[in-house]
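Just so you know, ligand 1 is whichever comes first in the structure, and atom 1 is the first atom listed for that ligand. Note that these values count all heavy atoms, side chains included, but never hydrogens, waters or copies made by symmetry.
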Amino acid sequence: MSIRLKVILPYLLLTLVVAIIGVYVVTRLVSNTLSERLTNQLLEAGRAVSDQFVRTEVSHVERARTIAYTTGLAQALQNADREAALAIVEPAAAGLGVENLILITPEGKELVHLIRDAGGVLQVVDKDTGVANSPLVAPYLQSRDEQEAPHRSLGENRVDGKYYYYTSIPVPFGSEFAGVIVIGTSTNTILPFLKSAVLADVIIYSGDGQAVGTTLVASSDGSQASLDFLSITSDEYGRVISSEDIVTGQNFEIDTRWYRLARGPLQIANDRIGVFAVALPLNFVIQSTVDNRTTYVILFTLVTLVVIGIGYGISRMIINPLDSLVSTSQSIASGNLSERTGIRSNDEIGALASTFDSMTESLQNRTHELERTNEILEKMDRTKSNFIQISAHELRTPLTLIMGYSQMLEHKAKDDPETLKLARGIVEGSERMTDIVNSMLDVSRIDNKTLNLRKTSLQMDLVLQKIQKSFAPALKERNIEFNLDGVKGLPLVPADPELLQKVFHQIIMNAIKYTPDGGAVTVRGRYVNGVEEPHVEISVQDNGIGISPEMLPTVFSKFSQTGDIMLHSSGKTKFKGGGMGLGLVIARGIIEAHGGNIWAESPGYDEDKNPGSTFFISLPVEKKVEGES
Ligand code: ADP
């Protein structure tokens, strides 16, 4: 995961979590507030219902009194004179807009019953309603008190089956009780008033919990909601009517619309005449909650985006310098030392960048210095090689002369043993010097990469047999056994015969030189055709003094001789005989110029145990052999 993600991701998650919690909490708070408001509204509506009933009662009492005090009515009632009473009451009731009027004689007889029909006309009814025995009238008949306060109740009129809100007062005749007048207004008339007064839907329940009127309509067809559906149990009715306040809570659904309901006792003066309910639609709360939630979601989304934007900006401020630092360091690592971070800030990253820049600066300076030194060294090395090459060339001419004259001297002194010995010494010395000069020339050619290869296809067994032959006297003298193993039938090797001869000569000479008398030198050959380029591998193994692990990596470096410097002019094949330490350097130069490899292995150096050494040479074979194998 990149550092950019590591910085941004937790920040992003945190912001989202805070935003989601924020939206949730705020929406909850708002919806709770709305719900509370709805409850308050319901309670308010409940009180308004009671007030409205009180107003209806006041109007009932006023109209009842007007009628009761109409001259002649009390007397007609006392006399149970229906005709006289009707003559007074009918026009008065019509004029006062009374819906239902009942007159009871002091003996409890229903004298007059007027009820408004569907056409709005007051009709005289003969049917006895039994109201005389109801709590509306019975108390008056018993007390016969013409001053008694009004009574009220909610009840069904058996004539038209409608529910009425009734108020009754006694009719006085002087100081006598002359009967009772009952005035009723149907719930159908009261309810629309109620709805507009309390701004809520209203349901009215009769004694057993049966809903007897409502303003609720089923929205689909506009018909009145089913009263049975709205009814409550008589237990619930009993609970509400005896409760002191308005009971809120339930939600219910009518034709896909949800309402919240509050019920309360319908109390006028000290009488509880029934139960009512007010209902407010819930969609207002739900809609407000949804609206609020949407608003807050948008708001929080915007805030979140802004916060994320700020976070992104901050992370860019931190990460861009780091990015620049990383790309600069990569560029420097790939060798572009002139690259700089270019960060100039006063914080920790700025400090890191400037340290890094100054580090690069000094690295660049050092590198320049080293390059200059290297150039000088290379120049010096070239001068040295040229010097060696020139001097070696120059030495060759006098050496040839010395060699020629000494050979002549040797020839002339063949009868003088003393002079012959001296001449022999000069010949051997000059031969050795020629060898040294030639080696120096070889090394400088290798260094200058001017080794001129004249390649032919070589059979390794022939090359090695030739060398074996050349060492035959030395092997015999030193009593060293020489074995050639597996070199026959090896693929042809494209190589310069003279140079390759020189290599094997040197390696085998070393093997003889570092093996004590009576030892053995084994030369093995094999063809390797595996994952690498197909090649021939020749190993030269001796059972001589071996090479120490510290020495092993340096034997192919210039002048890496281990032996005593004093022995250097001694015989080439003598045990531990001298050498200049250039033989293996030349061998490696020649083998590498052929595209081959040379390396040595030895368990260690020990002149008593003679652990031996093995030198390996691998040389690529001719291409056509590849196809054949
Ligand atoms: P030199 O002319 O001294 O032999 P070379 O370059 O041929 O120089 O060898 C370098 C050194 O490697 C030798 O001086 C010797 O110490 C070590 N060396 C080479 N061949 C052998 C061998 N077969 N066994 C042990 N040591 C060896």
Student: Does F556 come within less than 4.0 angstrom of ligand 1, counting non-hydrogen atoms of the residue?
Tutor: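 No.
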Student: Between K488 and D461, is the closest basic N to carboxylate O distance under 4.0 Å?
Tutor: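 The answer is no: the pair does not qualify as a salt bridge.
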Student: Any non-hydrogen atom of G544 lying under 4.0 Å from ligand 1?
Tutor: no
Student: One thing to verify: whether E498 and K502 come together as a salt bridge, which I'm taking to mean a side-chain N less than 4.0 angstrom from a carboxylate O.
Tutor: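 A salt bridge is absent here (no side-chain N lies under 4.0 Å from a carboxylate O).
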Student: Of all the atoms in ligand 1, which lie at a distance below 4.0 Å from a heavy atom belonging to G581?
Tutor: 1 (P), 2 (O), 3 (O), 6 (O), 8 (O)
Student: What are the atoms of ligand 1, with element, lying closer than 4.0 Å to any heavy atom of K513?
Tutor: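 In order of numbering, the contacting atoms are 1 (P), 2 (O), 4 (O).
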Student: Please step through side-chain contact (heavy atoms from CB on, under 4.5 Å) for the pair F575 and I545, ending with a clear verdict.
Tutor: CA-CA 10 Å; F575 181 50; I545 58 174; 3.7 Å; yes
Student: Please classify the I507 to ligand 1 contact at 4.0 Å (heavy-atom distances, strictly less than): side chain, backbone, both or neither.
Tutor: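 Within the 4.0 Å criterion, I507 makes no contact with ligand 1.
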Student: Run the numbers for me: atoms of ligand 1, each under 4.0 Å from some heavy atom of N510, listed by number.
Tutor: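 By the 4.0 Å cutoff, the relevant atoms are 4 (O), 5 (P), 7 (O), 9 (O), 19 (C), 20 (N), 23 (N).
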Student: Under the criterion side-chain hydrogen bond (donor to acceptor under 3.5 Å, both in side chains), I'd like the reasoning laid out for N336 against S334: C-alpha separation, chi angles, the key distance, then a yes or no.
Tutor: CA-CA 6 Å; N336 187 4; S334 65; over 6 Å; no
Student: Are N597 and S618 close enough that a side-chain donor and a side-chain acceptor fall under 3.5 Å?
Tutor: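 No, because no side-chain N or O of N597 sits under 3.5 Å from a partner of the opposite role on S618.
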Student: Quick one: does G546 get a heavy atom under 4.0 Å from ligand 1?
Tutor: yes
Student: Check ligand 1 against A511 and write out every atom of the ligand that is under 4.0 Å from a heavy-atom position of the residue.
Tutor: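 Near A511, the atoms of ligand 1 are 23 (N).
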Student: Which word best sums up how the rings of F616 and W599 line up, parallel for under 30°, tilted for 30 to 60°, or perpendicular for over 60°?
Tutor: parallel
Student: Using heavy-atom distances only, which candidate in N610, V555, T554, L552 approaches atom 17 (C) of ligand 1 most closely?
Tutor: V555
